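Okay, so here's the structure we're looking at.
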Protein chains: 2
Amino acid sequence: MTPDIVSGVSQPPPRRPRKRSATRSVTLSDVAAAAGVSAQTVSRVVRDPLSVSDETRARVQAALTATGYVPNLAASNLASNRSRTVAALVPQINASVFADTVHAFSTALAAHGYQIFVGTTDYRPEHEEEVLRSFLGRRPDGLLVVGTRHTPGTLTLLGAAGVPVVETWGWSEDPVDLLVGFSNAAAAAAMVDHLVRRGRRRITFAGRHTSGDPRAAERLDGYHGAVRDLLGSEPRTVDAGPEPVTMDTGVALLDLALERYPDSDAVMFSSDVFAAGALQACVRRGIDVPGTLALAGFGDFELARHLVPALTTVAVPSAQIGELSAELLLTRMRGAAVDVPHRDVGYRVVAREST
Amino acid sequence: MTPDIVSGVSQPPPRRPRKRSATRSVTLSDVAAAAGVSAQTVSRVVRDPLSVSDETRARVQAALTATGYVPNLAASNLASNRSRTVAALVPQINASVFADTVHAFSTALAAHGYQIFVGTTDYRPEHEEEVLRSFLGRRPDGLLVVGTRHTPGTLTLLGAAGVPVVETWGWSEDPVDLLVGFSNAAAAAAMVDHLVRRGRRRITFAGRHTSGDPRAAERLDGYHGAVRDLLGSEPRTVDAGPEPVTMDTGVALLDLALERYPDSDAVMFSSDVFAAGALQACVRRGIDVPGTLALAGFGDFELARHLVPALTTVAVPSAQIGELSAELLLTRMRGAAVDVPHRDVGYRVVAREST
DNA sequence: GAACCTGTTGTTAGCGCTAGCGATAGCGCT
DNA sequence: AGCGCTATCGCTAGCGCTAACAACAGGTTC
């Protein structure tokens with residue numbers, strides 16, 4: 001590497017500095033120069049103001065506002081090997097249930113200086129893997145995923161990430177790491193039980209359970225079990241396939257259910273969105289709900305209690321899932337252990353007018 | 001490492017390397033070592049595979065999958081001074097109108113390798129500034145904001161960011177940079193016009209216009225102008241204050257309107273969410289809509305056309321706003337100029353049963 | 001055969017920040 | 001005086017990656 005050392009001190013090769021596109025923004029050392037201190041001290045003022053003397057801190061803070069410094073988090077992440085971000089993977093963000101979870105999660109973590117990335121998988125498992133991979137490039141300090149069923153590739157990535165992971169909105173005997181959720185199967189079974197108590201015997205399940213929504217599939221399982229145990233009859237199900245979770249799809253599911261099982265006395269949907277669409281269609285067509293047909297949803301969206309007739313549904317503590325997940329993650333990101341890493345937040349059948 | 005160099009050249013201080021917490025993940029040079037090439041070549045395979053010979057590329061790609069390499073984007077951003085991210089600031093993500101915009105925006109940009117950060121301001125302008133500041137720390141390559149009215153601090157930050165900015169969902173004579181939106185005032189005036197044509201004369205405006213929702217305030221302005229011009233009467237308005245945009249608040253607004261202006265023959269709301277809550281309350285109370293009272297919303301959510309009676313509203317091309325914004329930003333981020341930087345996407349009054 | 005490409009790979013020097021020390025001064029205690 | 005402690009601040013060496021150039025082989029042009 002170094003050429004002849006010989007007698008005199010060999011000069012380093014006189015290369016001129018490379019040209020780099022000048023950075024557009026103020027850096028730590030700009031602020032340091034303005035305040036007459038070292039860059040390290042400015043960094044300390046930004047991250048832990050009390051570790052610097054009052055006088056210095058005042059001078060640095062003045063320089064900070066005078067220069068309009070905005071820290072470069074990429075550099076910070078690289079140097080500290082911490083990103084102070086947490087990634088959340090949800091199927092859909094406009095599905096308001098997840099929005100509540102994400103909002104609560106985000107608020108709780110923001111209070112501790114963490115930012116949240118939200119990625120949507122559009123209910124496509126293979127897409128989940130792709131989104132997760134690109135998120136891991138940002139080296140989040142923690143991960144939240146909706147669901148407990150994942151592709152092998154996703155599991156590998158989650159394991160290799162080397163950070164705490166919370167699975168939510170489901171239940172599993174064998175979670176990846178942390179778990180905050182409830183049993184979708186038990187919740188659906190509870191709804192069947194409710195309908196049976198209300199005298200219904202020919203209960204049809206309508207959902208989107210074959211195309212990438214494992215939660216809907218788990219609810220279907222719960223329905224199956226409950227129908228077998230409580231009614232001893234054959235299950236009646238209709239599936240929306242890959243259709244989006246919209247009220248339009250709900251109407252289509254209703255049509256399908258009435259066509260295939262014309263004698264149904266109740267239809268339970270895998271989402272309030274479906275149920276709301278179906279309910280309004282019934283009102284419009286003059287089908288008596290619950291007289292002729294009982295309808296039930298899942299999720300307890302705000303809409304459910306405002307509809308006429310008000311919609312029976314399963315309430316899930318969405319916001320609590322977000323808060324609790326944040327709490328567990330924070331504990332683990334602090335390096336502490338979590339005493340009870342798997343939390344069942346339960347569910348509640350909310351009986352209203354539609355049944 | 002190197003042994004002593006004879007004569008008497010003073011050795012550089014023999015400091016051992018500092019201990020750094022070992023990085024948990026595979027780096028470029030790990031892959032390079034595995035493939036027997038330089039780190040730079042691996043980087044090239046990742047970012048521009050065709051710039052490397054077939055044989056080398058195959059070897060590197062094998063090493064890539066064998067090691068399970070996940071690039072560290074913080075390091076990449078720092079070195080290249082490009083983040084390949086775009087930040088979006090919206091008032092609320094669960095308000096489905098914005099969700100449509102964000103979704104379309106995100107999809108269009110993802111196709112070009114950009115990731116989107118979404119930040120919510122909760123309709124609080126001072127919060128917008130704070131969120132924006134923390135987002136700028138990630139040095140996004142572009143910015144999308146909802147609205148055209150901003151605090152001075154926000155304007156300073158937007159200007160200093162040095163990246164293209166799109167304002168959306170409003171209209172302005174003096175935009176910061178790019179603009180994709182429509183006139184909320186004109187849209188509200190068009191709704192008044194529609195109601196007047198339907199024979200309504202005592203039209204009340206109900207919204208959340210005093211507490212940080214500039215779009216609602218603009219709609220109120222449009223209402224004021226139209227009532228003055230078309231009816232020549234005094235405006236009638238009720239305000240939700242800082243209440244959240246929920247159906248519950250919609251019911252409260254209806255109560256307020258009927259209490260303060262009992263002779264109202266129409267109520268127009270600043271959001272479909274409010275209108276939907278009010279409409280269902282009317283159905284429940286037996287108030288004839290539109291016989292006794294016409295109701296109208298804003299946004300044309302899916303819900304609007306499913307309700308019974310179906311809700312008259314103003315349709316705004318939410319998704320188109322997102323797509324067009326992405327397109328303009330992409331052009332600017334490529335370094336090209338945008339020929340028409342301000343785009344009016346318009347609006348459309350959708351007359352349905354509720355009026 | 002010199003000069004000039006073109007395609008492919010390697011080398012070097014940072015990007016802006018922070019961890020891990022050192023260095024120094026001031027203080028209390030023996 | 002000597003020791004140890006704390007508070008405060010600076011120095012250095014990276015974090016993992018990429019821009020910019022250098023180096024070279026093989027071909028083409030005149």
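A, B, ... follow the sequence lines: proteins, then strands. Residue 1 opens every chain. Since we're looking at a predicted model, the values are computed, not measured.
- Rounding to whole angstrom units, CG of residue L78(B) and P of dT18(C) are separated by 12 Å.
- For the residue pair E128(B)/T151(B), the side-chain donor-acceptor check at 3.5 Å is not satisfied.
- In terms of the side chain to side chain donor-acceptor pair (under 3.5 Å) criterion, T120(B) has no residue partners (sequence neighbours excluded).
- Pair assignment for dA13(D) gives dT18(C), based on Watson-Crick or G-U wobble hydrogen-bonding distances that are each under 3.5 Å.
- Atom CZ of R138(A) is separated from atom P of dC17(D) by 14 Å (rounded to the nearest Å).
- To the nearest angstrom, P of dC9(D) lies 16 Å from CG of L28(A).
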Anything under 3.5 Å between a protein N or O and an N or O of nucleotides 5-10 of chain C, put it in a table, one pair a line.
residue	atom	partner	partner atom	Å
dT9(C)	OP1	S53(B)	OG	2.9
dT9(C)	OP1	T56(B)	OG1	2.3
dT9(C)	OP2	S53(B)	N	3.0
dG10(C)	OP2	S38(B)	N	2.9
dG10(C)	OP2	S38(B)	OG	3.0
dG10(C)	OP2	T41(B)	OG1	2.7
dG10(C)	N7	R44(B)	NH2	2.9

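- Proximity of S76(A) to the phosphate of dT18(C): a side-chain N or O atom is located under 4.0 Å from OP1 or OP2.
- If you measure from atom CG of N77(B) to atom P of dC17(C), you get 14 Å, rounded to the nearest angstrom.
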May I have the list of side-chain donor-acceptor pairs in residues 324-331 of chain B shorter than 3.5 Å, sequence neighbours left out?
residue	atom	partner	partner atom	Å
S325(B)	OG	I321(B)	O	2.6
T331(B)	OG1	E327(B)	O	2.9

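- Which of dC17(C), dA19(D), dC15(C) sits closest to the side chain of R47(B) comes down to dA19(D).
- Not a single salt bridge (charged side-chain N to carboxylate O under 4.0 Å, His left out) links R82(A) to another residue, sequence neighbours left out.
- Look at CG on N81(B): it is 15 Å from C1' on dA20(D), rounded to the nearest Å.
- The phosphate of dT18(C) (OP1 or OP2) has a side-chain N or O of S43(A) nearer than 4.0 angstrom.
- In this structure a side-chain-to-backbone donor-acceptor pair under 3.5 Å is missing from N77(B) to A74(A).
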Only distances under 3.5 Å count here; give the side-chain donor-acceptor pairs of residues 39-46 of chain A to other protein atoms, sequence neighbours excluded, each with its distance to 0.1 Å.
residue	atom	partner	partner atom	Å
T41(A)	OG1	S38(A)	OG	3.2
S43(A)	OG	R47(A)	NE	3.2
S43(A)	OG	R47(A)	NH2	3.1

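- The list of ring-ring contact (aromatic ring centres under 6.0 Å, His included) pairs with a residue in residues 130-159 of chain A, not counting sequence neighbours, reads F117(A)-F135(A).
- The CG-C1' distance, from D48(B) to dC17(D), rounds to 16 Å in whole Å.
- Distance from the side chain of Y69(A) is smallest for dC17(C) among the nucleotides dC17(D), dT18(C), dC17(C).
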